[in-house]
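In what follows, a structure is listed as C-alpha coordinates, so that the remarks can point back to it.
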Amino acid sequence: MTWKEALLGRFSGTGTDQPLFVPDLTLWYERRQPQEALPEIAHSLDVPIWLPAQLWKIETPGVEVLTTQEGDEQIVRYRTSTETLVARWKRGPDGDWWQIEYPIKSEAQLDAAVEIVESRRYALAPSPLSDLRTQVGDSGIVVLELPKRPYSELLHSFLGWNDGLLLLGEPAVQKMLTLMESKLQHLVELLADLPGEVVLSPDNLDAQFISPGAFEHHLAGSYRRTSELLHDHNKPLVVHVGGPIKRLLDPLSATGVDAIQGVCGPPQSDASLSEARRIVGPEITLWGGIPQDALLDTTSPAQFKAAVAQAVDESAGDGRMILGVADRVPVDADVERLRTIPELVEQQSAA
(Lines give C-alpha, C1' and ligand atoms only; values in the text may rest on other atoms or scores of the structure.)
Protein backbone atom coordinates (compact mmCIF):
# COMPACT_ATOMS: atom_id res chain seq x y z
CA MET A 1 0.00 0.00 0.00
CA THR A 2 1.34 3.45 -0.91
CA TRP A 3 1.40 6.42 1.48
CA LYS A 4 -1.28 8.03 -0.69
CA GLU A 5 -3.56 5.01 -0.40
CA ALA A 6 -2.96 4.75 3.35
CA LEU A 7 -3.80 8.41 3.90
CA LEU A 8 -6.87 8.47 1.67
CA GLY A 9 -8.10 5.33 3.40
CA ARG A 10 -8.36 7.31 6.64
CA PHE A 11 -10.85 9.68 5.00
CA SER A 12 -12.86 7.02 3.20
CA GLY A 13 -13.20 4.64 6.15
CA THR A 14 -11.08 1.95 4.51
CA GLY A 15 -7.98 2.61 6.62
CA THR A 16 -6.15 -0.20 8.35
CA ASP A 17 -6.10 -0.71 12.11
CA GLN A 18 -2.40 0.19 12.25
CA PRO A 19 -1.63 3.73 13.51
CA LEU A 20 -0.61 6.17 10.79
CA PHE A 21 1.54 9.21 11.65
CA VAL A 22 1.21 12.23 9.35
CA PRO A 23 2.79 15.50 10.53
CA ASP A 24 1.47 18.76 9.05
CA LEU A 25 4.80 20.44 8.29
CA THR A 26 3.39 23.57 6.63
CA LEU A 27 3.85 26.04 9.52
CA TRP A 28 7.35 24.75 10.31
CA TYR A 29 8.28 24.84 6.63
CA GLU A 30 6.97 28.36 5.98
CA ARG A 31 8.91 29.82 8.91
CA ARG A 32 12.13 27.80 8.60
CA GLN A 33 12.33 28.06 4.78
CA PRO A 34 14.75 25.13 4.40
CA GLN A 35 16.55 24.55 1.11
CA GLU A 36 14.77 21.26 0.47
CA ALA A 37 11.22 21.18 -0.84
CA LEU A 38 8.54 20.02 1.60
CA PRO A 39 8.06 16.66 -0.21
CA GLU A 40 11.79 15.98 0.14
CA ILE A 41 11.67 16.70 3.87
CA ALA A 42 8.71 14.36 4.33
CA HIS A 43 10.63 11.67 2.45
CA SER A 44 13.62 12.14 4.78
CA LEU A 45 11.32 11.75 7.79
CA ASP A 46 9.70 8.65 6.25
CA VAL A 47 6.18 10.08 6.60
CA PRO A 48 3.36 10.70 4.10
CA ILE A 49 3.37 14.07 2.35
CA TRP A 50 0.57 16.47 3.27
CA LEU A 51 0.93 19.41 0.89
CA PRO A 52 -1.78 22.12 0.97
CA ALA A 53 -1.90 24.24 -2.17
CA GLN A 54 -3.56 27.64 -2.45
CA LEU A 55 -4.64 27.60 -6.07
CA TRP A 56 -6.42 30.95 -6.03
CA LYS A 57 -5.69 34.61 -5.49
CA ILE A 58 -7.74 37.55 -4.27
CA GLU A 59 -8.35 40.39 -6.70
CA THR A 60 -9.93 43.74 -5.76
CA PRO A 61 -10.63 45.71 -8.96
CA GLY A 62 -11.49 49.28 -8.02
CA VAL A 63 -9.78 49.06 -4.62
CA GLU A 64 -6.00 49.43 -4.47
CA VAL A 65 -4.32 47.18 -1.90
CA LEU A 66 -0.77 48.18 -0.96
CA THR A 67 1.43 45.99 1.24
CA THR A 68 4.71 47.24 2.68
CA GLN A 69 7.15 45.70 5.12
CA GLU A 70 9.75 47.36 7.27
CA GLY A 71 11.72 45.09 9.58
CA ASP A 72 9.32 43.22 11.82
CA GLU A 73 6.27 45.27 10.79
CA GLN A 74 3.94 44.77 7.85
CA ILE A 75 1.31 47.32 6.76
CA VAL A 76 -1.62 46.80 4.38
CA ARG A 77 -3.50 49.83 3.02
CA TYR A 78 -6.88 49.52 1.31
CA ARG A 79 -7.60 52.60 -0.82
CA THR A 80 -11.34 52.82 -1.43
CA SER A 81 -13.25 55.60 -3.17
CA THR A 82 -13.89 57.36 0.15
CA GLU A 83 -10.96 56.62 2.46
CA THR A 84 -7.92 54.46 3.10
CA LEU A 85 -8.21 51.69 5.69
CA VAL A 86 -5.02 50.48 7.36
CA ALA A 87 -4.11 47.11 8.89
CA ARG A 88 -0.84 46.44 10.69
CA TRP A 89 1.04 43.27 11.67
CA LYS A 90 4.10 42.67 13.85
CA ARG A 91 6.37 39.64 13.81
CA GLY A 92 5.81 37.66 17.00
CA PRO A 93 8.35 35.64 19.01
CA ASP A 94 7.10 32.47 17.31
CA GLY A 95 8.03 33.90 13.89
CA ASP A 96 4.41 34.33 12.88
CA TRP A 97 2.69 37.62 12.03
CA TRP A 98 0.47 39.01 14.80
CA GLN A 99 -2.14 41.53 13.75
CA ILE A 100 -1.96 44.60 15.98
CA GLU A 101 -4.25 46.95 14.05
CA TYR A 102 -7.44 46.16 12.15
CA PRO A 103 -8.70 48.11 9.13
CA ILE A 104 -12.19 48.66 10.59
CA LYS A 105 -11.93 50.63 13.79
CA SER A 106 -15.42 52.16 14.01
CA GLU A 107 -18.91 52.05 12.57
CA ALA A 108 -18.01 55.07 10.42
CA GLN A 109 -15.62 52.91 8.34
CA LEU A 110 -18.11 50.17 7.51
CA ASP A 111 -19.16 51.68 4.16
CA ALA A 112 -15.55 51.61 2.98
CA ALA A 113 -15.24 48.03 4.26
CA VAL A 114 -18.34 46.99 2.28
CA GLU A 115 -16.73 48.50 -0.83
CA ILE A 116 -13.64 46.33 -0.28
CA VAL A 117 -15.71 43.16 0.05
CA GLU A 118 -17.88 44.04 -2.95
CA SER A 119 -14.77 44.46 -5.08
CA ARG A 120 -13.15 41.21 -3.96
CA ARG A 121 -13.17 38.14 -6.11
CA TYR A 122 -11.35 34.82 -6.04
CA ALA A 123 -9.50 33.99 -9.24
CA LEU A 124 -8.23 30.46 -9.83
CA ALA A 125 -4.48 30.07 -10.26
CA PRO A 126 -4.22 26.31 -10.84
CA SER A 127 -1.04 26.18 -12.93
CA PRO A 128 1.20 24.71 -10.16
CA LEU A 129 -1.18 21.81 -9.46
CA SER A 130 0.10 19.39 -12.07
CA ASP A 131 3.74 19.86 -11.03
CA LEU A 132 2.87 19.52 -7.34
CA ARG A 133 0.97 16.30 -7.94
CA THR A 134 3.94 14.95 -9.91
CA GLN A 135 6.34 15.86 -7.08
CA VAL A 136 4.17 14.14 -4.49
CA GLY A 137 3.22 11.12 -6.58
CA ASP A 138 2.06 8.17 -4.47
CA SER A 139 3.94 9.41 -1.40
CA GLY A 140 1.05 11.53 -0.14
CA ILE A 141 -1.52 14.03 -1.38
CA VAL A 142 -1.76 17.58 -2.65
CA VAL A 143 -4.57 19.25 -0.72
CA LEU A 144 -6.80 21.96 -2.19
CA GLU A 145 -6.80 24.77 0.37
CA LEU A 146 -9.75 27.14 0.84
CA PRO A 147 -9.81 30.60 2.43
CA LYS A 148 -11.07 30.92 6.01
CA ARG A 149 -14.83 30.92 6.61
CA PRO A 150 -16.29 34.45 6.20
CA TYR A 151 -17.11 34.79 9.92
CA SER A 152 -13.58 33.77 10.90
CA GLU A 153 -11.94 35.94 8.26
CA LEU A 154 -14.09 38.95 9.16
CA LEU A 155 -13.02 38.82 12.80
CA HIS A 156 -9.46 37.68 12.15
CA SER A 157 -8.64 40.19 9.43
CA PHE A 158 -11.13 43.08 9.39
CA LEU A 159 -12.70 43.68 12.80
CA GLY A 160 -10.69 41.95 15.52
CA TRP A 161 -12.17 39.69 18.21
CA ASN A 162 -12.78 42.39 20.80
CA ASP A 163 -14.39 45.52 19.35
CA GLY A 164 -15.40 43.56 16.25
CA LEU A 165 -17.93 41.49 18.13
CA LEU A 166 -19.78 44.69 19.03
CA LEU A 167 -20.25 45.50 15.33
CA LEU A 168 -21.64 42.12 14.24
CA GLY A 169 -25.25 43.30 14.45
CA GLU A 170 -24.68 46.21 12.06
CA PRO A 171 -26.48 45.81 8.67
CA ALA A 172 -23.24 46.64 6.84
CA VAL A 173 -21.42 43.79 8.61
CA GLN A 174 -24.23 41.37 7.77
CA LYS A 175 -23.98 42.49 4.15
CA MET A 176 -20.24 41.80 4.21
CA LEU A 177 -20.80 38.29 5.58
CA THR A 178 -23.41 37.52 2.92
CA LEU A 179 -21.16 38.74 0.11
CA MET A 180 -18.13 36.87 1.45
CA GLU A 181 -20.12 33.64 1.82
CA SER A 182 -21.42 33.82 -1.75
CA LYS A 183 -17.92 34.38 -3.11
CA LEU A 184 -16.46 31.59 -1.00
CA GLN A 185 -19.00 29.04 -2.20
CA HIS A 186 -18.37 30.07 -5.81
CA LEU A 187 -14.68 29.35 -5.25
CA VAL A 188 -15.59 25.96 -3.74
CA GLU A 189 -17.45 25.12 -6.96
CA LEU A 190 -14.36 26.04 -9.01
CA LEU A 191 -11.94 24.08 -6.84
CA ALA A 192 -14.23 21.05 -6.75
CA ASP A 193 -13.68 20.62 -10.48
CA LEU A 194 -9.89 20.50 -10.15
CA PRO A 195 -7.92 17.26 -9.82
CA GLY A 196 -7.35 16.42 -6.17
CA GLU A 197 -8.78 14.16 -3.51
CA VAL A 198 -9.05 16.32 -0.35
CA VAL A 199 -10.03 19.92 0.46
CA LEU A 200 -8.80 21.84 3.53
CA SER A 201 -10.65 24.61 5.37
CA PRO A 202 -7.85 26.31 7.42
CA ASP A 203 -10.16 28.03 9.89
CA ASN A 204 -8.22 27.42 13.12
CA LEU A 205 -11.51 27.04 15.01
CA ASP A 206 -11.20 27.84 18.70
CA ALA A 207 -14.01 27.56 21.25
CA GLN A 208 -12.34 30.26 23.36
CA PHE A 209 -13.60 32.77 20.79
CA ILE A 210 -16.56 30.99 19.18
CA SER A 211 -19.42 29.67 21.32
CA PRO A 212 -21.66 26.82 20.13
CA GLY A 213 -24.43 29.39 19.60
CA ALA A 214 -22.20 31.64 17.49
CA PHE A 215 -21.02 28.60 15.54
CA GLU A 216 -24.57 27.56 14.70
CA HIS A 217 -25.58 31.10 13.73
CA HIS A 218 -22.52 32.15 11.74
CA LEU A 219 -20.60 29.05 10.63
CA ALA A 220 -22.70 25.87 10.50
CA GLY A 221 -24.54 26.79 7.31
CA SER A 222 -21.31 27.65 5.53
CA TYR A 223 -19.77 24.27 6.40
CA ARG A 224 -22.93 22.47 5.29
CA ARG A 225 -22.95 24.20 1.91
CA THR A 226 -19.25 23.51 1.31
CA SER A 227 -19.53 19.88 2.40
CA GLU A 228 -22.48 19.25 0.10
CA LEU A 229 -20.73 20.82 -2.88
CA LEU A 230 -17.57 18.81 -2.32
CA HIS A 231 -19.40 15.54 -1.70
CA ASP A 232 -21.02 15.93 -5.12
CA HIS A 233 -17.46 15.72 -6.46
CA ASN A 234 -16.37 12.93 -4.09
CA LYS A 235 -14.00 15.22 -2.18
CA PRO A 236 -13.85 15.14 1.65
CA LEU A 237 -13.60 18.38 3.65
CA VAL A 238 -10.96 18.65 6.39
CA VAL A 239 -11.37 21.45 8.96
CA HIS A 240 -8.36 22.75 10.86
CA VAL A 241 -8.94 23.57 14.54
CA GLY A 242 -6.71 25.16 17.17
CA GLY A 243 -6.94 25.69 20.90
CA PRO A 244 -9.83 24.36 23.02
CA ILE A 245 -12.37 22.77 20.68
CA LYS A 246 -14.39 20.29 22.76
CA ARG A 247 -17.60 22.38 22.81
CA LEU A 248 -17.56 22.71 19.01
CA LEU A 249 -16.85 19.08 18.09
CA ASP A 250 -20.48 17.98 18.10
CA PRO A 251 -21.95 20.92 16.12
CA LEU A 252 -19.03 20.83 13.67
CA SER A 253 -19.40 17.11 12.97
CA ALA A 254 -23.16 17.62 12.46
CA THR A 255 -22.51 19.90 9.46
CA GLY A 256 -21.25 17.05 7.30
CA VAL A 257 -17.52 17.78 7.39
CA ASP A 258 -15.40 14.68 6.96
CA ALA A 259 -12.31 15.27 9.10
CA ILE A 260 -11.11 17.46 11.96
CA GLN A 261 -7.41 18.31 12.10
CA GLY A 262 -5.80 19.50 15.34
CA VAL A 263 -7.57 17.33 17.90
CA CYS A 264 -5.62 17.00 21.15
CA GLY A 265 -5.90 16.90 24.91
CA PRO A 266 -4.21 19.34 27.31
CA PRO A 267 -2.11 21.43 27.16
CA GLN A 268 -2.68 21.99 23.45
CA SER A 269 -6.46 21.63 23.47
CA ASP A 270 -9.19 20.11 25.67
CA ALA A 271 -10.26 16.86 24.00
CA SER A 272 -8.04 13.82 23.54
CA LEU A 273 -8.49 11.58 20.52
CA SER A 274 -10.56 9.11 22.54
CA GLU A 275 -12.74 11.88 24.03
CA ALA A 276 -13.28 13.42 20.62
CA ARG A 277 -14.23 10.02 19.18
CA ARG A 278 -16.92 9.59 21.84
CA ILE A 279 -18.34 13.01 20.96
CA VAL A 280 -18.36 12.86 17.14
CA GLY A 281 -19.10 9.16 16.62
CA PRO A 282 -17.38 6.68 14.31
CA GLU A 283 -17.78 8.34 10.90
CA ILE A 284 -15.56 11.43 11.28
CA THR A 285 -11.80 11.27 10.67
CA LEU A 286 -9.84 12.65 13.63
CA TRP A 287 -6.27 13.88 13.24
CA GLY A 288 -3.83 14.82 15.98
CA GLY A 289 -3.18 13.48 19.46
CA ILE A 290 0.40 14.70 20.03
CA PRO A 291 0.61 18.20 21.56
CA GLN A 292 2.99 20.72 20.00
CA ASP A 293 4.78 21.16 23.32
CA ALA A 294 5.94 17.55 23.16
CA LEU A 295 8.31 18.49 20.34
CA LEU A 296 9.86 21.42 22.20
CA ASP A 297 12.95 21.13 24.40
CA THR A 298 10.90 22.50 27.31
CA THR A 299 9.28 19.04 27.46
CA SER A 300 11.45 16.24 28.83
CA PRO A 301 12.30 13.26 26.61
CA ALA A 302 10.27 11.01 28.92
CA GLN A 303 7.22 13.27 28.65
CA PHE A 304 7.63 13.40 24.87
CA LYS A 305 7.67 9.60 24.60
CA ALA A 306 4.69 9.32 26.94
CA ALA A 307 2.68 11.76 24.81
CA VAL A 308 3.36 9.75 21.66
CA ALA A 309 2.53 6.48 23.43
CA GLN A 310 -0.79 7.85 24.67
CA ALA A 311 -1.76 9.04 21.20
CA VAL A 312 -0.87 5.65 19.71
CA ASP A 313 -2.93 3.82 22.32
CA GLU A 314 -5.95 6.08 21.74
CA SER A 315 -5.81 5.60 17.97
CA ALA A 316 -5.28 1.84 18.05
CA GLY A 317 -7.78 -0.09 15.97
CA ASP A 318 -9.43 3.05 14.59
CA GLY A 319 -9.13 3.23 10.81
CA ARG A 320 -10.42 6.81 10.77
CA MET A 321 -7.73 8.26 12.98
CA ILE A 322 -4.50 9.96 11.86
CA LEU A 323 -1.74 10.56 14.37
CA GLY A 324 -0.29 14.04 14.10
CA VAL A 325 1.18 16.99 15.95
CA ALA A 326 -1.72 19.21 16.97
CA ASP A 327 -2.37 21.57 15.57
CA ARG A 328 0.73 21.64 13.35
CA VAL A 329 4.45 20.97 13.79
CA PRO A 330 5.70 24.09 15.64
CA VAL A 331 8.40 26.36 14.26
CA ASP A 332 10.81 25.52 17.12
CA ALA A 333 10.22 21.77 16.97
CA ASP A 334 13.13 19.48 17.75
CA VAL A 335 13.55 17.82 14.37
CA GLU A 336 15.26 14.82 15.90
CA ARG A 337 12.18 14.19 18.05
CA LEU A 338 10.02 14.50 14.95
CA ARG A 339 12.27 12.04 13.18
CA THR A 340 11.89 9.45 15.97
CA ILE A 341 8.08 9.50 16.11
CA PRO A 342 7.48 6.86 13.37
CA GLU A 343 9.78 4.45 15.24
CA LEU A 344 8.07 5.21 18.57
CA VAL A 345 4.67 4.62 16.94
CA GLU A 346 5.82 1.27 15.63
CA GLN A 347 7.24 0.25 19.00
CA GLN A 348 4.13 1.25 20.92
CA SER A 349 1.87 -0.50 18.39
CA ALA A 350 3.78 -3.73 18.89
CA ALA A 351 3.76 -3.49 22.69
Side-chain angles (χ1 to χ4, degrees), residues 1-26 38-39 42-43 45-53 133 136-146 195-203 205 223 226-227 230-231 233-241 245 249 252-253 255-265 269 271-290 308 310-329 338 341-342 344-346 348-349:
M1 179 182 293
T2 66
W3 281 131
K4 180 177 183 178
E5 291 170 337
L7 186 49
L8 290 178
R10 301 289 159 153
F11 297 114
S12 65
T14 60
T16 69
D17 291 343
Q18 291 299 310
L20 177 68
F21 173 62
V22 184
D24 184 338
L25 295 164
T26 51
L38 192 149
H43 278 305
L45 296 171
D46 194 27
V47 294
I49 301 168
W50 174 263
L51 184 60
R133 287 170 63 85
V136 172
D138 289 331
S139 297
I141 55 176
V142 177
V143 185
L144 307 180
E145 184 174 319
L146 294 170
E197 295 81 15
V198 177
V199 177
L200 172 67
S201 195
D203 302 313
L205 282 181
Y223 283 119
T226 297
S227 297
L230 294 176
H231 292 166
H233 292 76
N234 297 313
K235 287 181 168 63
L237 176 62
V238 180
V239 177
H240 177 81
V241 302
I245 195 63
L249 287 173
L252 176 60
S253 63
T255 64
V257 305
D258 302 277
I260 302 173
Q261 178 198 29
V263 176
C264 195
S269 186
S272 66
L273 288 174
S274 57
E275 289 175 316
R277 174 59 73 211
R278 287 195 293 271
I279 293 170
V280 304
E283 301 301 322
I284 302 289
T285 299
L286 298 175
W287 183 358
I290 304 170
V308 174
Q310 179 179 342
V312 172
D313 289 344
E314 291 189 357
S315 68
D318 193 328
R320 280 193 180 271
M321 276 196 187
I322 303 171
L323 288 175
V325 180
D327 53 356
R328 292 183 291 180
V329 174
L338 184 63
I341 290 179
L344 292 174
V345 170
E346 184 175 352
Q348 184 67 22
S349 300

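- Taking every heavy atom of both residues into account, Leu273 and Ala311 meet most closely at CD1-O, 4.0 Å.
- In this structure, the side chains of Ile341 and Leu45 stay at 4.5 Å or more apart for every pair of heavy atoms.
- Residues Ile245 and Leu252 form no side-chain contact, since every pair of their non-hydrogen atoms from C-beta on lies 4.5 Å or further apart.
- The backbone N or O of Thr26 sits less than 3.5 Å from a side-chain atom of Asp24, completing a donor-acceptor pair.
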Please report the C-alpha distance between Thr14 and Arg320 in whole Å, then the side-chain angles of each, then the deciding distance to 0.1 Å, and finally whether the side-chain contact (heavy atoms from CB on, under 4.5 Å) criterion is met. CA-CA 8 Å; Thr14 60; Arg320 280 193 180 271; over 6 Å; no
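- At least one donor-acceptor pair closer than 3.5 Å links the side chain of Glu314 to the backbone N or O of Ser274.
- Of the possible polar contacts, one joining the Arg277 side chain to the Gly281 backbone as a donor-acceptor pair under 3.5 Å is found.
- Here Glu346 contributes atom CD and Gln18 contributes atom CD; the two are 9.0 Å apart, rounded to the nearest 0.5 Å.
- Contact between His43 and Ser139 at its shortest, heavy atoms only, is CE1-OG, 3.0 Å.
- Minimum interatomic distance between Leu249 and Ile260 (heavy atoms only, all atoms of both residues): CD2-CD1, 3.9 Å.
- Annotation: side chain of Leu286 is not in contact with side chain of Asp318 (no heavy-atom distance under 4.5 Å).
- Side chains of Val308 and Phe21 form no contact here, defined as non-hydrogen atoms less than 4.5 Å apart.
- A donor-acceptor pair is defined here as one N or O able to donate and one able to accept, closer than 3.5 Å; no such pair exists between the side chain of Ser315 and the backbone of Pro19.
- Thr2 OG1 to Leu8 CG: the interatomic distance, rounded to the nearest 0.5 Å, is 8.0 Å.
- Considering all non-hydrogen atoms of both residues, Gly256 and His231 come closest at O-CE1, 3.1 Å.
- Proximity of a side-chain donor or acceptor of Thr226 to a complementary backbone N or O of Tyr223 within less than 3.5 Å is not detected.
- The distance from the CD1 atom of Ile290 to the CG atom of Leu338 is 9.0 Å, given to the nearest 0.5 Å.
- Residues Val241 and Asp327 form no side-chain contact, since every pair of their non-hydrogen atoms from C-beta on lies 4.5 Å or further apart.
- To the nearest 0.5 Å, atom OG of residue Ser201 and atom CD of residue Gln261 are 11.0 Å apart.
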Quick one: do Trp287 and Leu20 satisfy side-chain contact (heavy atoms from CB on, under 4.5 Å)? Show the steps, please. CA-CA 10 Å; Trp287 183 358; Leu20 177 68; over 6 Å; no
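- To the nearest 0.5 angstrom, Glu145 atom CD is 10.0 Å from His240 atom NE2.
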Gln348 and Leu344: CA distance, side-chain angles, deciding distance, side-chain contact (heavy atoms from CB on, under 4.5 Å) verdict: CA-CA 6 Å; Gln348 184 67 22; Leu344 292 174; over 6 Å; no
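- Considering all non-hydrogen atoms of both residues, Val263 and Ala271 come closest at CG1-O, 3.5 Å.
- Here the side chains of Thr16 and Arg10 are in contact, with some heavy-atom distance below 4.5 Å.
- Judged by distance alone, the side chain of Asp258 and the main-chain N or O of Val238 form no donor-acceptor pair under 3.5 Å.
- Taking 4.5 Å as the limit, every side-chain heavy atom of Glu5 sits out of range of all side-chain heavy atoms of Asp138.
- Between Leu25 and Ile49 there is no side-chain heavy-atom pair separated by less than 4.5 Å.
- What you find for Leu237 and Ser227 is that their closest heavy atoms are CD2-OG, 3.6 Å.
- Taking the six-membered ring where the residue is Trp, Phe11 and Trp50 present tilted rings, their angle falling between 30° and 60°.
- To the nearest 0.5 Å, the span separating OG on Ser269 from CD on Glu275 amounts to 9.5 Å.
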